[in-house]
S.K.: 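Sending over a structure as structure tokens; questions will come in a sec.
Note that these values count all heavy atoms, side chains included, but never hydrogens, waters or copies made by symmetry. For the single chain, residues carry numbers from 1 onward in sequence order. Ligands are counted one by one from 1 in listed order, and the atoms in each one are counted from 1 as well.
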Amino acid sequence: MSEVVGYEVRGRIAVVTVDNPPVNALGLPVREGLMAQIDRAAADDAVAAIVLIGAGRTFPAGADIREFDQPVVEPHLLSIVDHFDTVEKPIVAAVHGTALGGGLELVLGCHFRVAAPGARVGTPEVKLGIFPGAAGTQRLPRVAGLDHALELIVLGEPIGAAKALDYGIIDEIAEGDLLEAGIAFAEKILSEGTPRRISSEPREGIGSPDQFADILQKYRDLAGRRMRGQESPLEALGSVIDGLEMPYDQAVIADRARFPRCKDSDQSKALRYAFFAEREASKIPGVGKDISPKPVETGAVIGAGTMGGGIIMCFADSGIPVTAIETSQDALDRGLAMITKNYQGMVDRGRIDEAEMARRLGLISTSLDYSGAADADLVIEAAFEDLELKKTIFADLDAVAKSGAILATNTSYMDINQIAAATGRPSDVIGLHFFVPANVMKMLEVVRTDSSSPQALATGMRLARTFGKVGGLAGVSHGFVANRSRAPLVREANFLVEEGASPAQIDQVLREFGMPMGVLAVSDLSGLDVSWRMRKSLAHLRDPDERYFHLADRLCEMGRFGRKTGSGWYSYGEGGSLPVPDPEVEEIAAQVAAEQGIERRQIDDDEIRDRCLYAAVNEGAKIVEEGVALRASDIDIMWQYGFGFPKWRGGIMYHADRVGLPTVLARVEEFHAAHGKLWQPSALLRDLAGSGGSFTGT
Ligand code: CAA
């Protein structure tokens, strides 16, 4: 009857099983099958109750996102859950895996709900630019109360079974075999004569917005802070608010009018693009499912500074024992103190408890020489950015690390081919480039050298997942993919200040575009001395015809290293963290401009935005053209998870596609004519603009 929704009768219980791998998405065949099989059970005299379950790894994980661009065909999910209300026989959802979005709405449509201990439920629709449109915004507040419902609906983060039980979203956590537990639960309600619970009841509204003003404001504020610029959390909130006073039937009609507006919005399209781009980023041609990653059961990290400390925490957070290796006891002590402080902060914020902190710290051991790395399955070097030092470290590591161990460097821009060549096992060497702070930022750039083996790469990509991060592949190139594509943005921001824009104006333009912080405020935060040191170390390679960072150098020469010294592109009050525009920077910029023969002028916001973004796009195109990135969409994922670029913009390459590549090229050519060779247009950009193509296939 249905190929994707099974039906069998066990005793007097009908078992309806959704079987649509990989995640049982609720595409049309599943929706048709569900309707048919539930009706079959309703009509089957031998059946007294129904258990609805998912085959394989999960209960349906939501609507089929690939269908979003097509017209929706009945039965809608809303029709299905509304239909469940009318089925006289109790329907029990048996939930495992991830019941998300439409999956959770389906769960809510069932009259009773049991879940496996590891199940997760949630409504992540806002992350796709929509809201739970199959009555989720109406049923969840009735089931879980407004506060809990808004937590799920507006913020979009899934919760575990224990919390779902606490919120009343599920009735029971089932240990052991889930289907058996679902059947037993159905038998119990039948024998106890428990009446069906209908989550659309009460059918009249459940209160007035005034009555809930505080709760509503709390989520308005949270949405504004966590998803600045994104429309869907506010649409989701709007749907809930509309439904508070309206009867259920009227509220779902209002939702039906709201939904297409969200689904067809530019933001939703960008977010859906980002969803699939993220999954694409984990795929490396030649590193298929037949290549098994090496197990990583123990790790070692060389260097316990800011980066090393964050990486050590990644291991400990994932339950993997790790050895921190430093050259002096002092450095080890400092590193461990910083890690302890970070964990203490997590305890103070209620993220983990003291016992968990102790467990994680207990996974960290220390060593003052490389013998501490002898047993590690994977070693990550996070020492100073000095090529000769790194080559020495890798040669030493090669002597002690066990055969088959993966040796990785966290360098941000060094030539890893040379580092690999310092070992007798270059095929086991890769780059693992973390973003600051390493234990927080979700991106992990996995760098392939000329000789990295597919298995080493697979291990790096798997490690990203183990650490709860998103892995993306990069080739060896100065700055690899992420930093290399971002560097021109920083460059243009620097030059724009020399030309007359203020740091505050530049940062404001970028924030208005959606970036979490302005680029110059970020530079102040990470320290202007970092790139100054890099510029000095690479001075011998500088092309004298290329425009140079005179102003940034001057700020550094004056000791203005950014927030840590109280001044940089901005000034910071005593112990202050808020950037304050500083007239002195204007004066220095004017001096530098005069020395360099740069005529200062009023610069409009459009020029600032286009120069910053298109400089990055043009470099991104070169990165793809050279094969340093596998695909343009990988660059977008790296910006999202490495730099906090707004997901609802899709990414810089996606943004360029939306603007139109001929328009972008025209601007790049204009800047090339005005500012010289740094703006040399990428051949790929020219080709695609000429042929009507796009970077991201969108
Ligand atoms: N629709 C279509 N394809 C989906 C999908 C969905 N809802 N969810 C996952 N997939 C696909 C992925 O694209 C991936 O395909 P490929 O193997 O071809 O790349 C495959 O399923 C496996 O997905 P993951 O690699 O992400 O697997 P995972 O185990 O890491 O994660 C998951 C599983 C947690 C379910 C994750 O896939 C996920 O979060 N999916 C989206 C869930 C979601 O947003 N649901 C709400 C949809 S909107 C909705 O439901 C509203 C409505 O009714 C209109």
Side-chain angles (χ1 to χ4, degrees), residues 4 18 20-31 34 54 56-82 95-109 118-140 152-153 155-160 232 235-236 239 252 255-256 258-265 268-269 271-285 288-289 442 461-462 464-472 631 633-634 637 647:
V4 285
V18 179
N20 182 32
V23 297
N24 290 325
L26 296 160
L28 179 60
V30 173
R31 298 198 306 275
L34 270 170
R57 63 203 238 202
T58 184
F59 197 84
D64 187 336
I65 302 168
R66 292 182 202 276
E67 277 184 359
F68 278 26
D69 291 326
Q70 299 152 20
V72 187
V73 179
E74 279 283 9
H76 292 201
L77 192 56
L78 175 62
S79 312
I80 296 175
V81 291
D82 280 350
V95 182
H96 76 300
T98 40
L100 302 176
L104 179 56
E105 290 172 309
L106 193 62
V107 172
L108 292 171
R120 295 180 70 71
V121 304
T123 46
E125 280 90 338
V126 290
K127 296 186 179 177
L128 296 169
I130 55 173
F131 66 93
T137 45
Q138 311 311 328
R139 289 177 187 253
L140 203 49
L152 269 77
I153 292 170
L155 306 181
E157 292 301 331
I159 57 172
S232 51
E235 291 280 9
S239 157
V252 291
D255 279 349
R256 229 182 252 186
R258 187 188 289 270
F259 196 79
R261 180 172 77 222
C262 294
K263 186 179 70 116
D264 297 335
S265 66
S268 178
K269 287 179 188 149
L271 288 161
R272 273 139 53 193
Y273 156 77
F275 176 85
F276 289 111
E278 177 179 335
R279 273 136 194 97
E280 207 53 28
S282 65
K283 294 171 190 154
I284 306 174
K289 290 202 163 57
K442 273 193 75 176
M461 297 301 275
R462 168 66 67 81
R465 267 187 98 100
T466 307
F467 285 173
K469 298 187 189 297
V470 176
R631 12 178 135 74
S633 59
D634 288 2
I637 292 305
K647 272 193 166 192

S.K.: Return the residue, atom name and 0.1 Å-rounded distance of the protein heavy atom closest to atom 12 (C) of ligand 1.
M.R.: Arg279 CD, 3.7 Å

S.K.: N/O to N/O below 3.5 Å, does that happen between Gly62 and ligand 1?
M.R.: no

S.K.: Please check if the side chain of His96 supplies one atom and the backbone of Gly56 the other of a donor-acceptor pair under 3.5 Å.
M.R.: yes

S.K.: Just need the protein heavy atom nearest to atom 29 (O) of ligand 1, so name the residue and atom and give the distance.
M.R.: Arg57 NH2, 2.5 Å

S.K.: Who's the nearest protein heavy-atom neighbour of atom 43 (C) of ligand 1, and how far?
M.R.: Ala61 O, 3.5 Å

S.K.: Ile65 to ligand 1: N or O pair under 3.5 Å?
M.R.: yes

S.K.: So for ligand 1, is Ala25 a polar contact partner (N or O within less than 3.5 Å, distance only)?
M.R.: no

S.K.: Determine, for Phe467 and Arg465, whether the Lys NZ or Arg CZ falls below 6.0 Å from the six-membered ring centre while staying within 45 degrees of the axis.
M.R.: no

S.K.: Any nitrogen or oxygen of Gly101, side chain or backbone, less than 3.5 Å from one on ligand 1?
M.R.: no

S.K.: Before accepting this row, confirm whether a basic side-chain N of the pair Arg261/Glu235 lies closer than 4.0 Å to the acidic partner's carboxylate O.
M.R.: yes

S.K.: For ligand 1, which atoms, with element, lie under 4.0 Å from some heavy atom of Leu128?
M.R.: 44 (O), 47 (C), 48 (S)

S.K.: Would you mind finding which of Phe59, Phe68, Phe275, Phe131 brings a heavy atom closest to atom 41 (C) of ligand 1?
M.R.: Phe275

S.K.: I want to confirm something. Looking only at heavy atoms, which of Pro22, Ala63, Ala99 is nearest to atom 47 (C) of ligand 1?
M.R.: Ala63

S.K.: Rounded to the nearest 0.5 Å, what separation is found between the CD atom of Glu67 and the CG atom of Leu26?
M.R.: 9.0 Å

S.K.: Is a side-chain donor-acceptor pair under 3.5 Å present for Asp255 with Ser239?
M.R.: yes

S.K.: Which residue supplies the protein heavy atom nearest to atom 10 (N) of ligand 1, what is that atom called, and how far is it?
M.R.: Val23 CG2, 3.9 Å

S.K.: Quick one: are Phe68 and Ile130 in side-chain contact, heavy atoms under 4.5 Å?
M.R.: yes

S.K.: Under a 4.0 angstrom heavy-atom cut-off, which atoms of ligand 1 come close to Gly102?
M.R.: 49 (C), 50 (O), 51 (C), 53 (O)

S.K.: Any atoms of ligand 1 less than 4.0 Å from a non-hydrogen atom of Glu105? List them with their elements.
M.R.: 53 (O)

S.K.: Indicate, as side chain, backbone, both or neither, the part of Ala134 found under 4.0 angstrom from ligand 1 when only non-hydrogen atoms are considered.
M.R.: neither

S.K.: What do you reckon, does Arg465 put a non-hydrogen atom under 4.0 Å from ligand 1?
M.R.: yes

S.K.: Consider every N or O of Thr98 and every N or O of ligand 1, then say whether any pair is closer than 3.5 Å.
M.R.: no

S.K.: So does Arg272 pair up with Asp69, basic N to acidic O under 4.0 Å?
M.R.: yes

S.K.: May I ask you to list the atoms of ligand 1 that are less than 4.0 angstrom from any heavy atom of Phe276?
M.R.: 13 (O)

S.K.: Quick one: look up the protein heavy atom nearest atom 51 (C) of ligand 1 and list residue, atom name and how far away it is.
M.R.: Glu125 OE2, 3.3 Å

S.K.: Does a side-chain N-to-carboxylate-O contact under 4.0 Å join Arg139 and Glu105?
M.R.: no

S.K.: Decide, yes or no, whether a salt bridge links Arg120 with Glu157 under the criterion of side-chain N to carboxylate O below 4.0 Å.
M.R.: no

S.K.: Does Glu125 come within less than 4.0 Å of Lys263, counting only side-chain N to carboxylate O?
M.R.: no

S.K.: When you measure from the side chain of Ser265 to the backbone N and O of Ser268, does any donor-acceptor pair fall under 3.5 Å?
M.R.: yes

S.K.: Evaluate the side-chain proximity of Leu34 to Leu106: yes if any heavy-atom separation is below 4.5 Å, no if none is.
M.R.: yes

S.K.: Would you call Arg120 a ligand 1 contact, heavy-atom distance under 4.0 Å?
M.R.: no

S.K.: Who's the nearest protein heavy-atom neighbour of atom 15 (O) of ligand 1, and how far?
M.R.: Arg66 NH2, 4.2 Å

S.K.: Could you list the atoms of ligand 1 found under 4.0 angstrom from a heavy atom of Asp64?
M.R.: 1 (N), 2 (C)

S.K.: If you have a sec, work out which protein heavy atom is nearest atom 19 (O) of ligand 1 and how many Å separate them, to one decimal?
M.R.: Lys283 NZ, 2.6 Å

